[in-house]
Amino acid sequence: MEQIHDIQVVPCTNSNYLKPFRVHYNQNGTKKSWDFMRTHDSVSVLIFNTTSHCFILVKQFRPAVYMCEWERTKEPAVQAAAGEEDVAAAAATAIPETPIGETPQEEAVATAGGVKTHQPPGSAGMTYELCAGLVDKANLSLEEIAKQEVLEECGYDVPVAKLRRITSYSSGVGVTGAKQTMFYAEVSDENRVGEGGGVPQEGELIEVVKVPLHEAMTFAYDESIPKTMGVIFSFIWFHNNMSPKYKISTNV
């Protein structure tokens, strides 16, 4: 899953998922403008397996995370060689069409402003997340979409009636402002009817990951583990609302 090859960065002229806009407005007598992205709303699901007392997360490659990590590693070298005024132009040349290996020794080398910079391994773009999906099916309720995502990504068949709504919130407010609705689902090994992993026809490649309940809060606050805010928030929610039921320390 971490074998990422042939990276190319090209202009995004048309997308089914992202629509960029610029809004002009007047606030308290001051003219302002802001760039934003229209995106789909989404659902996410905190899944807890009552048989093994563990959380079920998903792990997948996120190109945006990978590219941001790459920018962080190459910018100091580019700045030192090219000077601040040439950073943008030099960095733009640093996206080669070469494979990325799985270890530092196998990393491809890019050139930015005449300086060799190493592309990070594919693991730099892997993130731990809640099972989630876009709200893009008008004929389905949020609960039905959540049920479908749990089955496709994690392999558990969860009745809609067993999904508990935790809350909803705006995500990415500086860029998108889309709404995500979070659910909680308890499953057992008996509910598992498949391997999960997502829908390959839709380009999904997902690894199902188990996080033991007693390690959850350590996992949440470990900055070396790349994860979404949804994971951190949902683990805290579980600790405050559900852990007494199971009489197991969540290791806060």
Side-chain angles (χ1 to χ4, degrees), residues 1-2 39-66 68-69 122-135 142-143 145-156 158 162-187 191-192 196-198 204-246 248-252:
M1 187 166 69
E2 297 181 7
T39 63
H40 289 288
D41 290 341
S42 61
V43 297
S44 61
V45 188
L46 173 63
I47 305 170
F48 181 68
N49 188 312
T50 58
T51 303
S52 54
H53 280 200
C54 68
F55 295 106
I56 308 298
L57 302 181
V58 297
K59 180 182 178 182
Q60 55 188 317
F61 178 76
R62 292 298 192 182
V65 173
Y66 179 85
C68 285
E69 288 299 320
S123 59
M126 297 294 173
T127 62
Y128 293 86
E129 310 170 14
L130 297 180
C131 170
L134 298 178
V135 178
L142 295 179
E143 288 79 6
I145 293 175
K147 168 186 169 66
Q148 189 176 80
E149 295 297 334
V150 171
L151 180 60
E152 292 177 354
E153 294 189 359
C154 301
Y156 291 92
V158 179
K162 296 294 185 178
L163 286 166
R164 173 178 173 178
R165 183 175 179 139
I166 296 178
T167 189
S168 63
Y169 44 85
S170 296
S171 60
V173 293
V175 179
T176 71
K179 178 178 287 187
Q180 182 167 96
T181 301
M182 181 181 291
F183 294 94
Y184 170 67
E186 291 187 354
V187 301
N191 298 125
R192 194 165 193 196
E204 292 183 322
L205 182 58
I206 294 171
E207 178 183 345
V208 181
V209 179
K210 295 182 178 180
V211 178
L213 175 58
H214 67 277
E215 299 177 4
M217 297 308 293
T218 299
F219 181 94
Y221 286 107
D222 187 342
E223 294 184 19
S224 68
I225 302 175
K227 68 187 76 67
T228 62
M229 179 56 70
V231 171
I232 300 173
F233 169 75
S234 64
F235 281 10
I236 294 173
W237 174 88
F238 185 95
H239 171 74
N240 291 334
N241 294 275
M242 304 301 295
S243 59
K245 171 182 176 181
Y246 296 99
I248 296 178
S249 171
T250 49
N251 195 24
V252 177

- Task: List the steps, then state whether side-chain contact (heavy atoms from CB on, under 4.5 Å) holds for Val208 with Ile56.
- Result: CA-CA 7 Å; Val208 181; Ile56 308 298; 3.6 Å; yes

- Query: Is the Phe61-Tyr66 ring centre distance short of 6.0 angstrom?
  - Reply: yes

- Message: Let's go through Asn49 and Tyr156 carefully: what are the C-alpha distance in whole Å and the side-chain angles of both, what is the deciding distance for side chain to side chain donor-acceptor pair (under 3.5 Å) to 0.1 Å, and is it a yes or a no?
- Response: CA-CA 10 Å; Asn49 188 312; Tyr156 291 92; 3.2 Å; yes

- Query: Within a strict 4.5 Å, meaning less than it, do heavy atoms of the Val45 and Leu130 side chains meet?
  - Reply: no

- Task: Check whether any side-chain heavy atom of Leu46 sits under 4.5 Å from a side-chain heavy atom of Phe235, and report yes or no.
- Result: yes

- Start with the C-alpha gap between Ser171 and Gln180, add the side-chain angles, then the distance that decides, and say whether side chain to side chain donor-acceptor pair (under 3.5 Å) holds. CA-CA 7 Å; Ser171 60; Gln180 182 167 96; 5.5 Å; no

- Message: Between Phe183 and Val150, is there a side-chain heavy-atom distance shorter than 4.5 Å?
- Response: no

- Message: Less than 4.0 angstrom from a charged side-chain N to a carboxylate O is my criterion; do Glu186 and Arg164 meet it?
- Response: no

Between side-chain atoms of residues 223-232 and protein atoms elsewhere (two or more places apart, or another chain), which donor-acceptor pairs fall under 3.5 Å?
unit_1	atom_1	unit_2	atom_2	d
Ser224	OG	Asp222	OD1	2.6
Ser224	OG	Asp222	OD2	3.4
Lys227	NZ	Phe219	O	3.3
Lys227	NZ	Ala220	O	3.4
Lys227	NZ	Asp222	O	2.7
Lys227	NZ	Ile225	O	2.8

- Message: Donor-acceptor pair, distance only, cut-off 3.5 Å: does the side chain of Lys147 make one with the backbone of Val158?
- Response: yes

- Item | Validation row: Val43, Val135 side chains within 4.5 angstrom (heavy atoms) | yes

- Have Glu129 and Gln60 got a donor and an acceptor in their side chains that come within less than 3.5 Å? yes

- Message: Looking at every heavy atom in both Arg192 and Cys154, which two are closest together, and how far apart are they?
- Response: NE-O, 3.6 Å

- Please list, chain by chain and in numerical order, all residues satisfying ring pair (Phe, Tyr, Trp, His ring centres under 6.0 Å) with Phe233, sequence neighbours excluded. none

- Query: Can any side-chain N or O of Asn191 pair as donor or acceptor with the backbone N or O of Val187 at less than 3.5 Å?
  - Reply: no

- Query: What class does the angle between the rings of Phe48 and Phe238 fall in, given that below 30° is parallel, 30 to 60° is tilted and above 60° is perpendicular?
  - Reply: tilted

- Query: Going by heavy atoms in the side chains, are Glu204 and Glu153 under 4.5 Å from each other?
  - Reply: yes

